[in-house]
Amino acid sequence: MYKESVLPRVLEQVVNCKDEIAQFYLMDCIIQVFPDEYHLQTLDVLLGACPQLQPSVDIKTVLSQLMERLSNYAASSAEVLPEFLQVEAFSKLSNAIGKVIEAHVDMPTVGVVTLYSSLLKFTLHVHPDRLDYADQVLGACVKKLSGKGKIEDNKATKQIVALLSAPLEKYNDIVTTLKLSNYPHVMEYLDNETNKVMATVIISSVMKNKTHVSTADKVEALFELIKGLIKDLDGTFDDEIDEDDFNEEQNSVARLIQMLTNEDPEEMFKIICTVRKHILTGGPKRLVFTVPPLFFSSLKLVRQLQGPEENPFGDDTTTTPKKIFQLLNQTIEALSIIPAPELALRLYLQCAEAANDCELEPVAYEFFTQAYILYEEEISDSKAQITALHLIIGTLQRMHVFGVENRDTLTHKATGYSAKLLKKPDQCRAVYSCAHLFWVDDQENMKDGERVLICLKRALRIANAAQQMSSATRGSTGSVALFVEILNKYLYFFEKGNPHITVASIQSLMELITTELQSDSTTPDQATDAFFASTLRYIQFQKQKGGAMGDKYEPIKASSIA
């Protein structure tokens with residue numbers, strides 16, 4: 001009765017009334033009042049009336065409400081889905097939308113996109129397994145938008161974001177979304193700012209669902225989608241962009257790079273090359289964010305390859321640590337355009353350590369050489385020099401791959417840099433840190449007690465000179481913190497069994513500190529007093545503990561000083 005009598009007569013009245021307000025209201029009533037299954041069985045008739053309505057009727061809202069009702073009906077029970085297939089609901093709605101847009105020549109862009117957004121949501125609810133349907137909707141939308149250029153209308157761009165977000169929300173998997181060939185074509189109609197918003201939505205989806213994008217082809221497709229965050233789309237950097245927003249965007253790209261993994265070394269190397277190709281187009285402001293995560297993904301692959309199964313005679317197509325190191329070296333050189341010498345130095349040292357783990361002495365030496373050149377030529381700020389020098393010393397101390405000659409060259413350079421720092425306290429701390437370069441616990445051939453003692457004595461002389469300078473310029477010798485720090489180094493090497501660090505040398509240094517603390521010219525310093533008291537307590541603790549270490553500490557007279 002509804003199909004043959006009620007609906008045709010009602011629609012006839014609606015079409016003939018010619019009043020746009022009445023038509024919209026009556027169509028809305030029909031959609032809201034009658035049951036879902038009625039609409040499903042009479043789609044032909046209902047949709048046939050839509051192009052006949054007045055051009056000024058808000059047809060997009062009418063059709064959107066109809067599709068929303070049908071989507072909810074489909075979601076209510078799996079049992080009703082065969083009905084949708086039986087009546088070919090998707091093709092009928094798709095054809096109807098095409099006819100409505102053709103009939104309404106002046107329909108604004110927001111109306112066109114809203115209709116396709118509603119149709120896509122309907123498709124994803126009713127036919128979630130039919131990716132071809134979803135792609136068809138996106139393709140139809142692209143066809144209707146062709147020739148319009150970048151869409152500036154704010155409402156329309158919001159609808160495009162909703163359209164593009166729908167597959168992400170439905171599938172919770174960017175890899176599935178990447179199969180939609182028309183997806184990137186829709187994104188091309190977004191203005192630069194909205195393109196960035198959409199790219200952020202895509203990255204958020206990957207992070208939220210912990211999606212691992214595991215092939216180079218998929219990474220290529222993904223980075224094409226998020227290129228708004230990777231590079232300046234119009235070739236110029238927007239100086240007015242908020243710095244915090246920019247940093248957050250680039251940090252999200254950095255997090256994404258960590259999600260790109262594959263257990264197969266060959267495919268992982270392709271992924272790394274693909275990411276590198278994209279991020280190097282990002283300009284100087286972005287590289288400091290995007291290069292480090294790429295680096296550590298590459299070093300992870302290096303360590304994966306360093307096992308005994310690696311074929312040293314592999315052909316040119318085989319991924320080897322050497323090939324990855326060459327790529328990384330070229331990538332660091334790209335940082336020179338920023339310039340970012342402190343970051344480049346850290347990355348050179350990370351590479352040197354990885355080369356050390358792979359037993360590649362020439363490669364490790366080359367990375368250290370590059371780090372030293374950067375230190376000498378690019379790093380001039382005194383604070384940056386101190387940080388860089390301690391990084392160099394710490395990394396060099398862990399290296400075991402170097403032969404005697406290479407190690408001596410690098411160690412000599414590091415100790416030379418230490419003595420050339422601007423401030424005496426900084427000099428002193430760097431020099432006593434260099435003592436660790438001559439004593440490595442688990443390597444017998446790297447234990448030179450005499451040179452350790454030379455470093456510590458030189459540190460003492462510098463500490464003494466610092467006090468004299470302070471006395472000459474300020475009238476007081478300043479704090480004795482440096483002496484206490486050096487005493488702790490003496491105790492460290494004493495425990496490690498360095499025969500050149502004697503009880504007598506420790507005792508005399510303790511007495512020197514005590515004398516200085518009691519001197520009127522010494523500036524009072526609670527932190528230093530507490531540090532020295534803790535050191536003395538530690539000596540007492542070791543004596544009371546007994547055993548071999550207790551016997552070692554027994555001759556040191558700490559109680560009388562305390």
Check: [Y] and [X] side chains under 4.5 Å, non-hydrogen atoms:
X    : Y    : answer
N209 : D173 : no
L11  : L7   : yes
L305 : L301 : yes

Applying salt bridge (charged side-chain N to carboxylate O under 4.0 Å, His left out), run through E224 and K227 and close with a yes or a no. CA-CA 5 Å; E224 274 300 314; K227 62 187 175 186; 3.6 Å; yes
From [atom1] ([X]) to [atom2] ([Y]), nearest 0.5 Å:
X    : Y    : atom1 : atom2 : result
L131 : T177 : CG    : OG1   : 8.5 Å
T274 : L222 : OG1   : CG    : 11.0 Å
S64  : Y116 : OG    : OH    : 12.5 Å

Taking V45's backbone N and O only, do any of them form a donor-acceptor pair with T42's side chain (distance below 3.5 Å, no angle check)?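 Looks like no, no N/O pair under 3.5 Å.
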Give a yes/no verdict on a cation-pi contact between R286 and F289, requiring under 6.0 Å between NZ or CZ and the six-membered ring centre and an angle within 45° of the axis.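 Geometry flag: not set, cation outside 6.0 Å or 45°.
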Check step by step if side-chain hydrogen bond (donor to acceptor under 3.5 Å, both in side chains) holds for T123 and R130. CA-CA 8 Å; T123 308; R130 293 295 300 267; over 6 Å; no
Is it the case that more than 12 heavy atoms not belonging to [X] sit under 6.0 Å from its [atom1] atom?
X    : atom1 : value
K277 : NZ    : yes
K92  : NZ    : yes
I21  : CD1   : no

Between F34 and Y2, is the ring centre distance below 6.0 Å?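 For F34 and Y2, the ring centres are under 6.0 Å apart.
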Just checking F90 against F84, ring centres under 6.0 Å apart? no
